[in-house]
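These numbers come from a predicted model, not from an experiment.
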Amino acid sequence: MPTELPYAAEAETSLGYEELQVLKTQYYKEIEQGHVTTQSKFNYGWGLVKSGSAEYQTEGVKLLQEIYSASPAHRRECTYYIAVGYYKLKNYAYAKRFNDLLLSVEPENMQAQSLRTLIDQAVQRDGYIGMGLIAGAAAVTGLIVAGLVKRSRR
């Protein structure tokens with residue numbers, strides 16, 4: 001489902017397997033050498049967030065949050081991709097929280113503005129789905145109750 005918001009397009013696109021493997025190889029090579037650079041960790045976290053797998057996306061968010069906590073100099077770029085990760089995981093409350101954090105310091109950031117629109121649309125869509133499920137359950141319950149009342153009057 002491609003987005004009509006060009007700045008947030010990457011929030012709805014996935015990284016290819018081969019591309020992710022290059023980032024993974026570099027990251028684990030550095031682990032074996034005893035020192036992982038922030039850039040390699042960021043690249044791998046970014047790649048995981050951009051993958052099509054919820055398990056990988058979760059791991060990517062975790063890596064980016066580790067960088068966010070440990071390296072104030074990298075918070076800006078981590079904040080956006082953490083928000084993207086949570087958006088892709090359908091955790092819209094956290095996606096909104098991190099995206100709003102970025103917008104509070106960069107209100108003109110087009111990527112973050114577009115991501116905010118995607119998050120708001122997803123929350124609205126999920127709200128409609130939830131209301132539909134509740135209405136459907138209420139209708140079924142009403143039919144069951146009506147059937148029981150009719151049956152008890154016989």
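Closest heavy-atom contact between Asn109 and Leu103: O-CD2, 4.1 Å. Taking all atoms of both residues into account, the shortest heavy-atom contact from Leu15 to Gly47 is CD2-CA, 3.4 Å. The two atoms that bring Ala95 and Tyr87 nearest to each other are CB-N, 3.5 Å, heavy atoms only. The two residues Leu48 and Gly60 have their closest heavy-atom pair at CB-CA, 3.6 Å.
The side chain to side chain contact (heavy atoms under 4.5 Å, CB included) test with His74 singles out one residue from Thr79, Leu64, Thr38, and that residue is Thr38. A side-chain hydrogen bond (donor to acceptor under 3.5 Å, both in side chains) with Gln26 holds for exactly one of Lys24, Lys29, Glu30; it is Glu30. Screening Val22, Thr37, Leu63 against Tyr27 for a side chain to side chain contact (heavy atoms under 4.5 Å, CB included) leaves a single residue, Leu63.
A perpendicular orientation is assigned to the rings of Tyr28 and Tyr44, their planes being inclined by more than 60° (bins at 30° and 60°).
We find the OG-CG distance between Ser51 and Leu23 to be 11.0 Å, quoted to the nearest 0.5 Å. In this structure, CG on Leu89 lies 12.5 Å from OH on Tyr94, to the nearest 0.5 angstrom. Distance CZ/Phe42 to CD1/Ile67: 7.0 Å, rounded to 0.5 Å. Annotation: the span from Glu66 atom CD to Cys78 atom SG amounts to 10.5 Å, rounded to 0.5 Å. With values rounded to the nearest 0.5 angstrom, Lys88 atom NZ is found 10.0 Å from Lys90 atom NZ. Rounding to the nearest 0.5 Å places OH of Tyr81 at 10.5 Å from CG of Leu115.
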Notebook entry, point to check: Can you list the steps and then say if Asn43 with Gln39 is a side-chain hydrogen bond (donor to acceptor under 3.5 Å, both in side chains)?
Noted result: CA-CA 6 Å; Asn43 291 347; Gln39 189 63 51; 2.8 Å; yes
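At least one side-chain heavy atom of Tyr56 sits less than 4.5 Å from a side-chain heavy atom of Leu20.
With Gln65 contributing its side chain and Lys62 its backbone, the two residues share no donor-acceptor pair below 3.5 Å. Checked by atom type and distance alone, the side chain of Gln57 never pairs as donor or acceptor with a backbone atom of Tyr86 at under 3.5 Å.
The stretch residues 67-85 participates, sequence neighbours left out, in these salt bridge (charged side-chain N to carboxylate O under 4.0 Å, His left out) pairs: Arg76-Glu106.
Side-chain contact annotation: Ser14 with Lys50, donor-acceptor N/O pair under 3.5 Å absent.
In the displayed structure, Gln33 atom CD is contacted under 6.0 Å by more than 12 heavy atoms of other residues, nucleotides or ligands.
With sequence neighbours left out, the side-chain contact (heavy atoms from CB on, under 4.5 Å) criterion links Lys96 to Asp100, Ile119.
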